[in-house]
**Student:** 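Following this message is one structure expressed as structure tokens.
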Amino acid sequence: MTGFQKKTKRFGSRDPLPWLAPALLVLAAFYAVPVLDVVRLAFSDATLFRPPSSYSLNSFVDVLTSSVLPDVLITTLVFTGLSVIALQCVGLTIALLLVRGERRHLPGMASFRTLVLAAWVVPGIANGLIWQMLFDEAPYGTLNSLLGSVGLGPIAWLSDPTMAMLSAVIANVWQGTAFSMIVFYAARKGVDEALYEVASVDGANGWDKFWAITVPQLRLAIAANSILVAVQTLNTFDSILALTGGGPGRATEVLALFTFNTVFYNLDLSGGSVLALVLFALGLGFATLVFGWLRRDST
Amino acid sequence: MIASKQARLGDAATYALLTLLGLFFVAPFMWLFSLSIRTPAEVFLGASRFIPEAPTLANFQGILSDPAFLTYLWNGLKLSVLGGGLAVTLAIPAAYSFSRLRWRGMSALLVAILAVQMISPLVLLVPLYQWLSALDLLNTQLTVIAIYGALGMPLAVWLLKVAFDAIPVEIEEAAHVDGATRWTVLIKLTLPLARPGIASAFILAVVMNWSQFLVPFILLERDSDWPISVAIFNFAGSTSASTTQVLAAACLIALIPAVTVFVLLQRMIVSALISGAVKG
């Protein structure tokens, strides 16, 4: 028996249940039961204002064979894929620059970190509205009038389907980068500096060291961060709602926004439940994929 | 000599990259500010002038003298703070048992608490809306506070566990020898010692609640109940090009409280997040 166990035994009751009761109740009432209820509703014919009267596979068939779903899924994958790549590249770049700057005692690193964090806490709705002003396509719109003054543009930031997607990703990266920055900053701080010193002695340049030391050492952080960022992005829709409303057409209508519209505008609770399950499954599937890759990689 | 020259070149490159990235991150804030101090006529000048010819605070005055807008700010504050307080209160006993007691299934439950954060609030709200409607609990701020508490609890449990882990058990044992129960020790000793961690968890929860849109948008119909996030979204839907400057001022007011709190307390919050990230 270890010393620690002896101590805990000596020190009062070890029954965790009374301590856990509030948390367990919350987990049950606000997470477990709702998720199970989503499954039940997906098999039902419920609308937002009418409880289920019968159960069948109809909603699944309707939703999964609808002509809109493939478009929405492609939009979701493009938005999530681009965001995850961009968020991590920008976040990693900033984290490494900050670590380098701090090691060299360069001034201004703390204020830069603060700036990135400030964007992180901007409410999603405000984020969408701010970028909508920046992307405004009128002649006096910010970015277009700026481009115009150097003889470029105008760019159809929000009315062209491809540009609208890029604009949504840009707004998402502006807000979301801080999270990846913190994760990578913490992970990079945990890397043994001796590795870099040995590599320097061997004559490795910065680029070599990045691929030979930083990336392999941060592998776990990159994998975990990919999952977290992908799930966050999958669940994001308030900034898109404010920025484009899902348009033009359905060009930026990601699955979360589509689910929201299905339930709360079309009042189709059972169809929305099916979509919610798809959303849930996408996040879970991606997490499983990355974990599987990690496990195979580490054996 | 060569090494230091290289290092200085590296410094220059570091600053060059950070400047570019810094422009990207600072521009939206600057531009929002520039728009918010313009007259309607100057909005139409676009980017040709950054500082307007005749800067005006009229947009802010207009908004802040509107009682409805003050109500939205107050609602936002009330819902965020009470929801954050509830999240932390719910999390404290669980985090304490994760930190101090050893029991079977502990790590599984910790992972579960981490995992539920990945569930979109939207997925949870789909069934919750129906139940709340059946129980006649829609359109009350208490419901929104309860849901904020539930949504904020998992992260708070993690952050508080890390904070409690950092407090030596020996201190508590000394108190226990004197006959104090675990609850007394927790309240009198551990919680005060864990103040920075508790504050970080609370502030993070409050800031996240301040940004929440979906929950109040769906659950609160009366406009006197709305927090600021819902209000600016509805306001944006009713504005036109000639009121851009007012919308800019409203957005700025909506984000200033969260950004200010975060900037002032970021050292504490970020170190809590980093130690949470390392342990998790």
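Proteins get letters first, then strands, A, B, ... in listed order; numbering begins at 1 in each.
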**Student:** With a 4.5 angstrom heavy-atom cut-off, is it the side chain or the backbone of A:Thr177 that approaches chain B, or both, or neither?
**Tutor:** side chain
**Student:** If I measure from the heavy atoms of chain B, does A:Leu279 come under 4.5 Å with its side chain, its backbone, both, or neither?
**Tutor:** side chain
**Student:** Please look at B:Thr14 and chain A and tell me whether the side chain, the backbone, both or neither of the residue comes under 4.5 angstrom of a heavy atom of that chain.
**Tutor:** both
**Student:** Select one option (side chain, backbone, both, neither) describing which atoms of A:Leu25 are under 4.5 Å from chain B's heavy atoms.
**Tutor:** neither
**Student:** Quick check on A:Leu146 against chain B: is it the side chain, the backbone, both or neither that has a heavy atom closer than 4.5 Å?
**Tutor:** both
**Student:** Can a donor-acceptor pair be found between the side chains of A:Thr262 and A:Asp268 at a distance below 3.5 Å?
**Tutor:** no
**Student:** Do B:Trp131 and A:Asp37 pair up side chain to side chain, a donor and an acceptor below 3.5 Å, judged on atom types alone?
**Tutor:** yes
**Student:** What part of A:Val90 lies closer than 4.5 angstrom to a heavy atom of chain B: side chain, backbone, both or neither?
**Tutor:** side chain
**Student:** Go through the atoms of B:Ile228 and report whether side chain, backbone, both or neither lie under 4.5 Å from a heavy atom of chain A.
**Tutor:** neither
**Student:** Non-hydrogen atoms of chain A under 4.5 Å away: do they reach the side chain of B:Ile119, the backbone, both or neither?
**Tutor:** both
**Student:** Below 4.5 Å from any heavy atom of chain A, which atoms of B:Leu151 appear? Answer side chain, backbone, both or neither.
**Tutor:** both
**Student:** Is it the side chain or the backbone of A:Leu241 that comes within 4.5 Å of chain B heavy atoms, both, or neither?
**Tutor:** both
**Student:** Considering only heavy atoms, which portion of A:Leu117 lies under 4.5 Å from any heavy atom of chain B: side chain, backbone, both, or neither?
**Tutor:** both
**Student:** Run the ring-centre check on B:Phe25 versus A:Trp120 and record whether the distance is less than 6.0 Å.
**Tutor:** no
**Student:** Are B:Asp11 and B:Arg8 ion-paired here, with the side-chain N under 4.0 Å from a carboxylate O?
**Tutor:** no
**Student:** Please state whether the side chain, the backbone, both or neither of B:Phe233 comes within less than 4.5 Å of a heavy atom of chain A.
**Tutor:** both
**Student:** Given heavy-atom pairs under 4.5 angstrom as the criterion, report whether the side chain, backbone, both or neither of A:Val263 touches chain B.
**Tutor:** side chain
**Student:** Are the aromatic rings of B:Trp103 and B:Phe98 close, with centres under 6.0 Å apart?
**Tutor:** yes
**Student:** I'd like to know which of B:Ser97, B:Pro28, B:Gly10 tops the heavy-atom pair count under 4.5 Å against chain A.
**Tutor:** B:Pro28
**Student:** Between A:Phe135 and A:Trp131, what is the ring plane arrangement, given parallel below 30°, perpendicular above 60°, and tilted in between?
**Tutor:** tilted
**Student:** Give, as side chain, backbone, both or neither, the part of B:Met118 having an atom under 4.5 angstrom from any heavy atom of chain A.
**Tutor:** both
**Student:** Counting heavy-atom pairs under 4.5 Å with chain A, which one of B:Leu214, B:Val263, B:Val207, B:Ile256 comes out on top?
**Tutor:** B:Leu214
**Student:** Quick one: are the ring centres of A:Phe264 and B:Tyr129 less than 6.0 Å apart?
**Tutor:** yes
**Student:** Check whether B:Ile218 gets within reach of chain A through its side chain, its backbone, both or neither, counting any heavy atom under 4.5 Å.
**Tutor:** side chain
**Student:** Contact part of A:Ile170 toward chain B, heavy-atom cut-off under 4.5 Å: side chain, backbone, both or neither?
**Tutor:** both
**Student:** So for A:Phe112, is it side chain, backbone, both, or neither that comes closer than 4.5 Å to the heavy atoms of chain B?
**Tutor:** side chain
**Student:** Between A:Ala110 and chain B, which part of the residue has a heavy atom less than 4.5 Å away: side chain, backbone, both or neither?
**Tutor:** both
**Student:** Donor-acceptor pair, A:Thr47 side chain versus A:Leu269 backbone, under 3.5 Å?
**Tutor:** no
**Student:** Between A:Glu102 and A:Lys189, is there a salt bridge with N-O shorter than 4.0 Å?
**Tutor:** yes
**Student:** Which atoms of B:Ile232 come close to chain A, meaning under 4.5 Å heavy atom to heavy atom: side chain ones, backbone ones, both, or neither?
**Tutor:** both
**Student:** Is B:Pro121 close to chain A through its backbone or its side chain, or both, or neither, when contacts mean heavy atoms under 4.5 Å?
**Tutor:** neither
**Student:** Less than 4.5 Å to any heavy atom of chain A: does that hold for the side chain of B:Ala254, its backbone, both, or neither?
**Tutor:** backbone
**Student:** Measure A:Ser270 against the heavy atoms of chain B and call it side chain, backbone, both or neither at under 4.5 Å.
**Tutor:** neither
**Student:** Could you tell me which portion of B:Ala248 (side chain, backbone, both or neither) has an atom closer than 4.5 angstrom to a non-hydrogen atom of chain A?
**Tutor:** both
**Student:** Select one option (side chain, backbone, both, neither) describing which atoms of B:Leu18 are under 4.5 Å from chain A's heavy atoms.
**Tutor:** both
**Student:** For atom CE of B:Met30, decide whether the heavy atoms of other residues, nucleotides or ligands shown that lie under 6.0 angstrom number more than 12.
**Tutor:** no
**Student:** Report which part of B:Leu252 has an atom under 4.5 Å of a heavy atom belonging to chain A: side chain, backbone, both, or neither.
**Tutor:** neither
**Student:** Does any heavy atom of chain B fall under 4.5 Å from the side chain of A:Phe260, the backbone, both, or neither of them?
**Tutor:** both
**Student:** Which answer fits A:Arg103, side chain, backbone, both or neither, if we ask what part of it has an atom under 4.5 Å from a heavy atom of chain B?
**Tutor:** neither
**Student:** Would you check if the distance from the ring center of A:Trp19 to the ring center of B:Trp183 is below 6.0 Å?
**Tutor:** yes
**Student:** Verify the neighbour count for atom CZ of B:Arg267: are there more than 12 heavy atoms of other residues, nucleotides or ligands below 6.0 Å?
**Tutor:** no
**Student:** Need one label for B:Val259: side chain, backbone, both or neither, based on atoms under 4.5 Å from any heavy atom in chain A.
**Tutor:** both
